[in-house]
There are 2 protein chains.
Amino acid sequence: MFMFNKLHRTAEELIRHSGGRVTVGRIRILSVLLAEQQAITHREIEQRLPQTLQLDRVTLYRALEWLADKNLIHKVTSDDRAWRYHANRELHTHQHAHFKCTRCAQMICLDDLPIERSWPLPAGYRFQEIELTVKGLCADCS
Amino acid sequence: MFMFNKLHRTAEELIRHSGGRVTVGRIRILSVLLAEQQAITHREIEQRLPQTLQLDRVTLYRALEWLADKNLIHKVTSDDRAWRYHANRELHTHQHAHFKCTRCAQMICLDDLPIERSWPLPAGYRFQEIELTVKGLCADCS
DNA sequence: CAATCATTGCAACATTGTTGCGTTTATTTA
DNA sequence: TAAATAAACGCAACAATGTTGCAATGATTG
Ligand SMILES: [Mn+2]
Ligand SMILES: [Mn+2]
Ligand SMILES: [Zn+2]
Ligand SMILES: [Zn+2]
């Protein structure tokens, strides 16, 4: 309860600070992501939202897009065609790698992994960013 | 014409060698991939197939799956939710990174990029493989 | 409180890939 | 070469994930 209220207020503050409209949907969504240490899918976010809050699929998609635009969250691609979302902490402001369990599909950020090395490209190619996913078995699955 | 026939015969040989049935579909598909230096999508393969060969979407999907199982091709994930396929050469037998242009979506293999370093994981996690995509602008787009 | 316009809900659509099943065909066997 | 067989195929239906258009709602401001 107490934790929830704290997260709720944190989320509200972050959203208000970003200059958008403060809606209960956005607050609840960001709260869910702040409470989670993993990167989770649209579906998983839906399941973690309070039952009392009825929220359309599309609204959830648009809220997530908005939160990502405002740099409050980031989204990660995966081989199962589903984006995964995670709240931004200070650690996450720079580029970082991710780990995905090939058995349970859980995905975590690997904040310690330095990936800022120079990646040599063919002549004429210009580097923008890197996407790195280590795959294997998580502690629970191995 | 000559090139085509040569690829065609190479493809046929590879397929026969893999112990499956040698069908015109599989030969044509593998020929397309052998002729291509980029990793291309299901859709793009479809477009490159000869008009004379009518081939069902599903058959193409299943042929690609079979070719990948036999290690004649490999498939690469992307942020646009579409697998990309590429013929296996000797270079590609080991793990390698890929480059994807953020403007034209072309994707190439970065065979020179050594990614076999040790990636430190949290305790209890077990490494299996790594997926690395460098994003930026290709020579044509930059 | 009223005005405004960002946000939402709903229906429809798009894309990519998968599954079930009856038919065809490549290969083997006689 | 002809028949038998199992693999491969075509078709229809389905599934998962995400997007678009538009009218209704509601957060914010004055
Ligand atoms: Mn992350
Ligand atoms: Mn490759
Ligand atoms: Zn796991
Ligand atoms: Zn390009």
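Chain letters run A, B, ... following the sequence lines, proteins first and then strands; every chain starts at 1.
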Would you say B/I130 ends up clustered with A/L137 if hydrophobic residues are merged whenever their side chains have heavy atoms under 4.5 Å apart, either directly or through other cluster members?
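No, no single cluster joins them.
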Can you measure [X] atom [atom1] to [N] atom [atom2] for me and round it to whole angstrom units?
{"X": "A/D79", "N": "C/dT16", "atom1": "CG", "atom2": "P", "answer": "17 Å"}
{"X": "B/L64", "N": "D/dC9", "atom1": "CG", "atom2": "P", "answer": "11 Å"}
{"X": "A/I15", "N": "C/dT7", "atom1": "CD1", "atom2": "C1'", "answer": "13 Å"}

Need one value for A/R57: base, sugar-phosphate or nothing, where a base atom within 4.0 Å counts as base even if backbone is also close, heavy atoms only.
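The answer is base, as A/R57 lies within the cut-off (heavy atoms under 4.0 Å) of a base atom.
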If you look at every strand shown and take non-hydrogen atoms under 4.0 Å, does A/T59 touch a base, only sugar-phosphate, or nothing?
base
What about [X], does its side chain sit under 3.5 Å from the base of [N] through a donor-acceptor pair?
{"X": "B/R62", "N": "D/dG10", "result": "yes"}
{"X": "B/R81", "N": "C/dT16", "result": "no"}
{"X": "A/R26", "N": "D/dG26", "result": "no"}
{"X": "B/R21", "N": "D/dA8", "result": "no"}

Checking B/N88 against B/H74: is there a side-chain donor and acceptor pair closer than 3.5 Å?
yes
Helix axis bend for the helix from C/dC1-D/dG30 to C/dA30-D/dT1 - C1'-based end axes, five pairs, 10° rounding:
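Inter-axis angle at the ends, rounded: 30°.
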